Every structure is written in C-alpha cells, then in structure tokens.
There are 2 protein chains.
Amino acid sequence: MPVSGAETSFDAGNETLALDRKDLAILAELTTNARASHTELANKVGLSSTALARRQKALEDEGYIQAYQAALDLAQFGLTTTVLVRIALESQSDEALKAFEAEVVKCPSVVRCFLMSGTDDYILIVLARDIQDFERIHRTELSRLPRVARVQSSFALREIVNRAVPTVVFGEKR
Amino acid sequence: MPVSGAETSFDAGNETLALDRKDLAILAELTTNARASHTELANKVGLSSTALARRQKALEDEGYIQAYQAALDLAQFGLTTTVLVRIALESQSDEALKAFEAEVVKCPSVVRCFLMSGTDDYILIVLARDIQDFERIHRTELSRLPRVARVQSSFALREIVNRAVPTVVFGEKR
DNA sequence: TCAAGATGCGCGTTGGAGTCCCGAAGGAGA
DNA sequence: TCTCCTTCGGGACTCCAACGCGCATCTTGA
C-alpha cells in the first residue's frame, strides 16, 4: 500500500517500498524532532496538517517508524569510553553459541553484539566510564561469559561518525 | 543543580551528577516512549504531572536528554547487512588522519567510525542492502577515501544485542 | 527551629489531534 | 473522448487533553 502517488519503487525484501520525497522528509524530520506536532511537521514538509497526519500514521502502521525514543547524552553519565571487544569461543557448536548468547544479553555494559563471519567470533561494543572501569567490566561481566577462549579488547580513541540512520536512506527517492 | 533531593552522588567527569531513581525511571521510560505525555509519564513514575514536567524539563535543560528521535526500521529500507570495516592508513600523521576523517563523514553508508588505539587504524560500521550492495559501497565510497593502505571487511551474520543505552545507566542509583 | 526546595492540587487557557467533507489529479476502461 | 473511480490534499470544525501557573503543604537538611 503506497503512502502516496508511487513514483518509482524498489524492492525491499519481499515487500515493495514506495516512499516519495515527502515521506522521506517526514522521516528525516522525525529522526531529529520526534515530538514535533502535526502542524509543525506539516510546515517543514510542505503539507497540510491533515495530509501530514495521514502520512505519519501510515508510516507508523507500516512499520517504517519503529518507536520514538529519547537520546541520552551518555557522556553526562560518565560513559566516555567505548571499547570494541573481540571474543572467540572454544567451540563453534550450536550449543556453545546459544550458551554464550544467552549470557551476553545480560551484560549491562554491552550495547552491541554481533556474530561475525569468517573467524566465527563475536564483536561487542562496550561502554565504560574509563579504563579502570573497563577493567572492572572485564572482570565482572566479560570473563564470566561461558565457552570463551579468547578476549581481545581495543579502545576507541575518538568517534568520528555516529549516525542512527545512514544518510543514504533519506536520499533514495526524489 | 540537583534535580531532586540529592541522595548520593558520584562524579561524572568534572560535574557532579545527582539523579534519584525517579529521574532514572523518567529517562528509562522516555527511552522507550519519547512521546509520552506528562500525565502518562507521571503515572508510571509515581509523580504528579506538575512535578514530572519540572523534572523532565530539568533533564532536558541539563543535557541528560539530548534529543527525541524516531527510530526507523532499517530492514524496511532493505538495509539488512551490517559490515565492520577495518581501515589502516598509509601514515599516522596528523594530516593523514584529518584528510581521512574529513572524507569518511561524507560516506552515506557509514553509520559509525572510530579511531582505534593500538594498531592506530579506523573501524567503521557500514550498512548495506546485501553483499552485492556492499561491493558497490566498497567501490564508490570506501575505496575513494584518502591515505588508505588497507581495507578489511567482515560481515555480521547476526545481531545479538542492540541497545541505545547500556542498562547499567538505569540501575546506578536507588 | 527555620529555610529551601520539591510536591501536589486546582484552575484556566491553548493548542493538538481527529473527523468530515469536498475538490483536484490521475488512470482505467468502454 | 468521456466518464467513472480511486487517491491524495486541504479546509473547517469540534473535542479533549496537555500544559503551565499559582499557591498551599510537606519533607529535608542545616
């Protein structure tokens, strides 16, 4: 169900995606101001508030918008240190993977965890207050993970890019 | 400036942080429902809407809440492939770093970029539609970055954890 | 005991959200 | 070419709830 006059469309998975530039403008704006009112958004996008409300609701119903969430300034909580952790398991058996994954989701300092191809290990992104704090995390969270053969940590000195959404999303249609 | 009766406090950088469990409950809830109304939040946290509004505004003014943003379902846009890219430069001179960083921020498919310690290289997180699409990104975005000596890519087979905020944040105070 | 700050209640105002209806634009089909 | 039909946009209206203010009360800490 196209949200508006389908211009061109491309295949996304098994569904046909058809968003025009106004839909993308709505999404781009909501990515910045999730609490914007209908009228406010309507002015920025160039629609009436009625038309905008319809489109926004459609975007929500069709799942393009998953949620509205507040972005916290983690530095204000002292979490200024990002660590990339590479973890190799003793075995790549299904049971070992499951056991590891069941525990890693409980680690409170882990924000991302990927199972990687090739070397068949995991990459974690961990947030810590500082290096000493990471030592504690390593001791109390990471070293207690099951089936781990090797843990290798590297610290991020600086973050150059941090986007929630790749800019390519907002430029696909015109 | 404490938001409420300071219970205990800990040092965050150079600022003193004093959030009680109600502040943390507000933040936790807003992390999920950024569009929740004052009354709605007040009920969940156990405050009157007036008190809640004051605390929320304080949290915004003091920078704990950076923004309210819509979370898009990137899979709906076909971006189902996450790639970790490790890039080493020809030189670690300041000029080389600056030149590289000035270009990497322009890459539309890059969502994260860290300068890493130890090996002195960069780690990028790239979102692609599929492997073929990553080949295109590699060709049109990554290989055009300046001063690059080596590019090494590994694909994420699965994402086990994806949190915006480490759960540790909401459990620090009581 | 006193002062400062935080809470909660009640109020009035405002602004947003939702509904209904109509008009315009574009396609399909005879 | 004409007409029907679908779809989207926009205006007007109503209703409800959110927001913000002021004041009295309570708690906390010095």
Side-chain angles (χ1 to χ4, degrees), chain A residues 1-10 15-70 76 172-174, chain B residues 1-11 15-65 67-70 76 172-174:
Chain A
M1 23 187 83
V3 173
S4 78
E7 306 181 351
T8 45
S9 60
F10 62 90
E15 197 101 2
T16 288
L17 172 66
L19 299 181
D20 61 12
R21 84 176 67 87
K22 284 184 179 169
D23 289 314
L24 295 176
I26 295 169
L27 294 176
E29 186 60 29
L30 284 173
T31 298
T32 306
N33 303 326
R35 308 193 64 147
S37 69
H38 288 168
T39 25
E40 193 177 338
L41 278 173
N43 289 335
K44 297 212 179 189
V45 174
L47 281 175
S48 71
S49 68
T50 313
L52 181 119
R54 268 193 296 259
R55 293 172 89 119
Q56 182 174 350
K57 181 167 186 336
L59 291 169
E60 293 166 0
D61 291 346
E62 291 163 17
Y64 293 108
I65 297 172
Q66 270 185 330
Y68 297 98
Q69 53 195 25
Q76 289 251 19
E172 283 173 341
K173 287 275 110 37
R174 51 159 296 108
Chain B
M1 24 189 84
V3 174
S4 77
E7 307 181 351
T8 45
S9 61
F10 62 89
D11 192 37
E15 199 101 2
T16 288
L17 174 64
L19 299 181
D20 62 13
R21 84 176 66 87
K22 285 183 177 168
D23 289 314
L24 295 176
I26 296 170
L27 293 176
E29 186 59 29
L30 283 173
T31 299
T32 307
N33 303 326
R35 308 194 65 149
S37 68
H38 289 168
T39 24
E40 192 176 339
L41 279 174
N43 289 336
K44 298 212 179 189
V45 174
L47 281 174
S48 72
S49 68
T50 314
L52 181 119
R54 269 193 295 262
R55 291 173 90 120
Q56 182 174 350
K57 180 166 186 337
L59 290 169
E60 293 166 359
D61 291 346
E62 292 164 17
Y64 293 105
I65 298 172
Y68 297 98
Q69 52 195 27
Q76 289 250 20
E172 284 173 343
K173 285 276 110 32
R174 52 159 291 110

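Below, chains carry the letters A, B, ... as their sequence lines are ordered, and counting in each starts from 1. All heavy atoms count here, side chains included; hydrogens, waters and symmetry mates do not. Everything numeric in this text was worked out from a predicted model, so none of it was measured.
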TODO: Look only at the side chain of A:Gln76 and the backbone of B:Glu62, and say whether a donor-acceptor pair between them is shorter than 3.5 Å.
DONE: yes

Task: Test side-chain hydrogen bond (donor to acceptor under 3.5 Å, both in side chains) applied to A:Tyr68 and A:Glu60, step by step - done: CA-CA 10 Å; A:Tyr68 297 98; A:Glu60 293 166 0; 2.6 Å; yes

- [ ] Please work out if B:Ala51 contacts a base, only the sugar-phosphate, or nothing of the nucleic acid, heavy-atom cut-off 4.0 Å.
- [x] sugar-phosphate

Task: Spacing of B:Tyr64 atom OH and B:Ile26 atom CD1 [to the nearest 0.5 Å] - done: 12.5 Å

TODO: Rounded off to whole Å, could you give me the CG-to-P distance for the B:Leu52 and C:dT7 pair?
DONE: 9 Å

Task: Length of the CZ-P vector between B:Arg55 and C:dG8, whole Å - done: 9 Å

Task: A:Leu30 CG to A:Ile65 CD1 distance, which is reported to the nearest 0.5 Å - done: 5.0 Å

Task: Whole-Å distance separating the CG atom of B:Asp20 from the P atom of D:dT27 - done: 17 Å

Open item on the list: What is the distance, to the nearest angstrom, from the CZ atom on B:Arg54 to the P atom on D:dG20?
Closed with: 12 Å

Task: Gap between atoms NZ and P, on B:Lys57 and D:dC19 respectively (whole Å) - done: 13 Å

Task: Whole angstrom value for the distance that separates P of D:dC19 from CD of B:Glu60 - done: 11 Å

TODO: To the nearest 0.5 Å, tell me how far A:Ser49 OG sits from A:Gln56 CD.
DONE: 11.5 Å

- [ ] Please check if the side chain of A:Asn33 supplies one atom and the backbone of A:Ala36 the other of a donor-acceptor pair under 3.5 Å.
- [x] no

Open item on the list: At 10 degrees resolution, what angle do the end axes of the helix from C:dT1-D:dA30 to C:dA30-D:dT1 form when each is taken over five base pairs?
Closed with: 40°

- [ ] Output the residues of residues 29-40 of chain A in contact with DNA chain D, where contact means a heavy atom of the residue under 4.0 Å from an atom of the strand; sort by number or write none.
- [x] none

TODO: Hey, could you give me each pair passing salt bridge (charged side-chain N to carboxylate O under 4.0 Å, His left out) that has a residue in residues 26-51 of chain A? Not counting sequence neighbours.
DONE: A:Glu29-A:Lys44

Open item on the list: What is the distance, to the nearest angstrom, from the CD atom on A:Gln56 to the C1' atom on D:dC8?
Closed with: 17 Å

- [ ] Give the rounded distance in Å between these two atoms: CG of A:Leu41 and P of C:dG15.
- [x] 17 Å

Task: B:Lys57 and B:Leu52: CA distance, side-chain angles, deciding distance, side-chain contact (heavy atoms from CB on, under 4.5 Å) verdict - done: CA-CA 8 Å; B:Lys57 180 166 186 337; B:Leu52 181 119; over 6 Å; no

TODO: Between C:dT7, D:dG9, C:dG10, spot the one nearest the side chain of B:Thr50, thanks.
DONE: C:dG10

Open item on the list: Any carboxylate oxygen within less than 4.0 angstrom of a Lys/Arg side-chain nitrogen, looking at A:Arg54 and A:Asp61?
Closed with: no

